[in-house]
Amino acid sequence: MQQKRNIQIIEWEDLDKRKFYSFGVFMTMTIRATVYPATLIRTRLQVQKGKSLYSGTFDAFFKILRAEGVRGLYRGFMVNTFTLISGQGYITTYELVRKYVSRYSHNNTLKSLVAGGSASLVAQSITVPIDVVSQQLMMQGQGEHLTRFRVKPKMMVAAGKHKLTFGQTRDIILQIFAADGFRGFYRGYVASLLTYIPNSAVWWPFYHFYAEQLSNMAPSECPHLILQAMAGPLAAATASTVTNPMDVVRARVQVEGRTSVIETFKTLLAEEGVWGMTKGLSARIISSTPTAIVMVVGYESLKKLSLRPELVDSRHW
């Protein structure tokens with residue numbers, strides 16, 4: 001019985017913080033670069049009316065690739081890299097809140113739920129303005145007719161073609177500010193909180209739950225990291241399915257410039273029915289699967305590498 005639950009959770013006080021943050025930036029950047037194309041596709045699928053532009057995830061991928069090239073799959077990526085700040089804020093908040101809650105309860109599910117929700121609240125407060133700008137950039141190209149703001153083309157007289165100006169990010173920022181003021185950069189903030197706080201709060205408890213169940217079923221010599229890498233996607237699929245309706249609403253509020261979450265929800269339901277709530281779900285699960293694997297392997301490895309020297313021999317993979 002003693003070997004059935006042998007996955008040890010590395011807590012905040014066990015870490016060398018200097019190593020933790022140094023390795024953490026590299027890990028976060030790698031994850032974002034890996035899954036960004038799926039995030040772009042998910043956004044376009046969620047914003048389009050019915051199937052006016054793409055019939056599904058793979059159709060969108062190949063159409064974007066043909067029409068816009070690989071660069072089209074990374075529209076807005078440079079702006080999105082600023083979410084590295086929110087990524088560090090997320091993991092710091094998660095670990096600190098876990099430590100705080102442990103003073104009052106040793107229940108791992110409760111610690112994970114409270115810490116996950118709190119971490120998402122902090123991260124979204126930083127991320128939403130970046131998302132608003134990057135999502136507008138994601139919609140340029142084939143999806144630009146679905147968005148309120150468009151990058152102004154610069155006439156190339158010699159070539160006789162239109163070319164997007166180098167300052168397209170600045171162009172979008174100025175258009176958002178001119179139309180909506182500072183509040184425009186927090187459009188969809190409430191919808192984001194209603195999407196990502198539950199998503200994060202659900203993901204962590206399910207991650208630990210699935211890891212524990214897999215540990216009970218697996219041979220005792222099975223490496224812990226493999227079990228954790230399997231638990232991550234299972235937790236991500238569960239959390240994505242539960243929160244996808246709110247994610248569709250969030251995307252429409254931010255891209256289409258809507259002001260009411262409730263009215264957006266009602267309109268979506270009236271126009272596209274219950275199935276409208278599943279839009280982008282497959283793209284979300286597809287993007288969350290490698291994200292979860294890379295994040296879990298990266299995060300657990302990061303914590304292992306960041307262990308205080310005197311604790312290294314006390315933890316096992």
Side-chain angles (χ1 to χ4, degrees), residues 4-12 27-28 31-32 34-35 38-39 42 86-87 89-102 104-124 127 191-218 222-248 250 277-278 280-304 317:
K4 282 194 174 181
R5 185 176 180 180
N6 54 2
I7 295 182
Q8 295 172 290
I9 298 173
I10 300 174
E11 302 288 3
W12 181 251
M27 182 199 76
T28 305
I31 292 172
R32 294 194 184 283
T34 302
V35 305
T39 303
R42 184 192 76 202
S86 67
Y90 181 94
I91 57 177
T92 301
T93 303
Y94 178 78
E95 294 295 345
L96 287 175
V97 172
R98 270 188 69 91
K99 181 181 177 182
Y100 178 78
V101 176
S102 66
Y104 303 95
S105 173
H106 294 291
N107 185 295
N108 187 55
T109 299
L110 178 63
K111 289 193 289 184
S112 300
L113 190 148
V114 175
S118 301
S120 188
L121 173 61
V122 171
Q124 287 307 306
T127 301
S192 291
L193 294 183
L194 293 175
T195 301
Y196 291 114
I197 289 179
N199 187 82
S200 182
V202 168
W203 191 93
W204 286 102
F206 271 105
Y207 165 62
H208 290 301
F209 169 77
Y210 287 132
E212 183 178 336
Q213 297 305 309
L214 289 168
S215 177
N216 290 337
M217 293 185 290
C222 184
H224 297 171
L225 196 59
I226 291 178
L227 302 177
Q228 291 166 325
M230 293 170 64
L234 291 173
T238 303
S240 295
T241 303
V242 170
T243 61
N244 197 72
M246 203 62 236
D247 194 41
V248 177
R250 175 197 60 81
M277 301 299 169
T278 66
L281 179 58
S282 60
R284 196 173 175 201
I285 291 176
I286 288 169
S287 69
S288 69
T289 297
T291 302
I293 294 172
V294 173
M295 189 190 85
V296 166
V297 172
Y299 191 61
E300 297 296 346
S301 300
L302 168 66
K303 291 173 79 174
K304 183 72 173 179
W317 286 115

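On a predicted model such as this, the values are computed, not experimentally measured, just so you know.
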- Item | Steps toward side-chain hydrogen bond (donor to acceptor under 3.5 Å, both in side chains) verdict (Arg284, Thr243) | CA-CA 11 Å; Arg284 196 173 175 201; Thr243 61; 3.0 Å; yes

Once rounded to the nearest 0.5 Å, what's the spacing between atom [atom1] of [X] and atom [atom2] of [Y]?
| X | Y | atom1 | atom2 | answer |
| --- | --- | --- | --- | --- |
| Glu300 | Ile9 | CD | CD1 | 8.5 Å |
| Asn108 | Ser102 | CG | OG | 10.5 Å |
| Asn244 | Arg250 | CG | CZ | 10.0 Å |
| Gln228 | Glu212 | CD | CD | 12.5 Å |
| Met295 | Ser288 | CE | OG | 10.5 Å |
| Thr195 | Gln124 | OG1 | CD | 8.0 Å |

For [X] against [Y], the heavy-atom pair lying closest together:
| X | Y | result |
| --- | --- | --- |
| Pro233 | Ile293 | CG-CG1, 3.4 Å |
| Val297 | Ala229 | CG2-CB, 3.8 Å |
| Val296 | Gly232 | CG2-CA, 3.8 Å |
| Ala236 | Ala292 | CB-CB, 3.9 Å |
| Leu227 | Ala218 | CD2-CB, 3.7 Å |

Are any non-hydrogen side-chain atoms of [X] and [Y] less than 4.5 angstrom apart?
| X | Y | value |
| --- | --- | --- |
| Lys303 | Glu95 | yes |
| Asp247 | Leu281 | no |
| Ser301 | Leu225 | yes |

- Is a donor on one side and an acceptor on the other found under 3.5 Å between the side chain of Ser105 and the backbone of Val101?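 Here the side-chain-to-backbone pair does not exist.
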
- Residues Ser200, Tyr94; criterion side-chain hydrogen bond (donor to acceptor under 3.5 Å, both in side chains); working and verdict: CA-CA 10 Å; Ser200 182; Tyr94 178 78; over 6 Å; no

- Query: With respect to Thr238, which candidate in Trp203, Tyr207, Tyr210 satisfies the side-chain hydrogen bond (donor to acceptor under 3.5 Å, both in side chains) definition?
  - Reply: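 So the option named by the test is Tyr210.
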
- Query: When you look at His208 and Lys111, which way does the side-chain contact (heavy atoms from CB on, under 4.5 Å) test go after all the steps?
  - Reply: CA-CA 11 Å; His208 290 301; Lys111 289 193 289 184; over 6 Å; no

- Would you sort out whether Thr127 and Tyr90 count as a side-chain contact (heavy atoms from CB on, under 4.5 Å), showing the intermediate values? CA-CA 10 Å; Thr127 301; Tyr90 181 94; over 6 Å; no

- Query: Is there a side-chain contact (heavy atoms from CB on, under 4.5 Å) between Asn199 and Ser120 once you walk through the steps?
  - Reply: CA-CA 9 Å; Asn199 187 82; Ser120 188; over 6 Å; no

- Task: For side-chain contact (heavy atoms from CB on, under 4.5 Å), just list the numbers for Leu96 and Trp12, CA-CA rounded to whole Å, side-chain angles, deciding distance to a tenth of an Å, and then say yes or no.
- Result: CA-CA 7 Å; Leu96 287 175; Trp12 181 251; 3.3 Å; yes

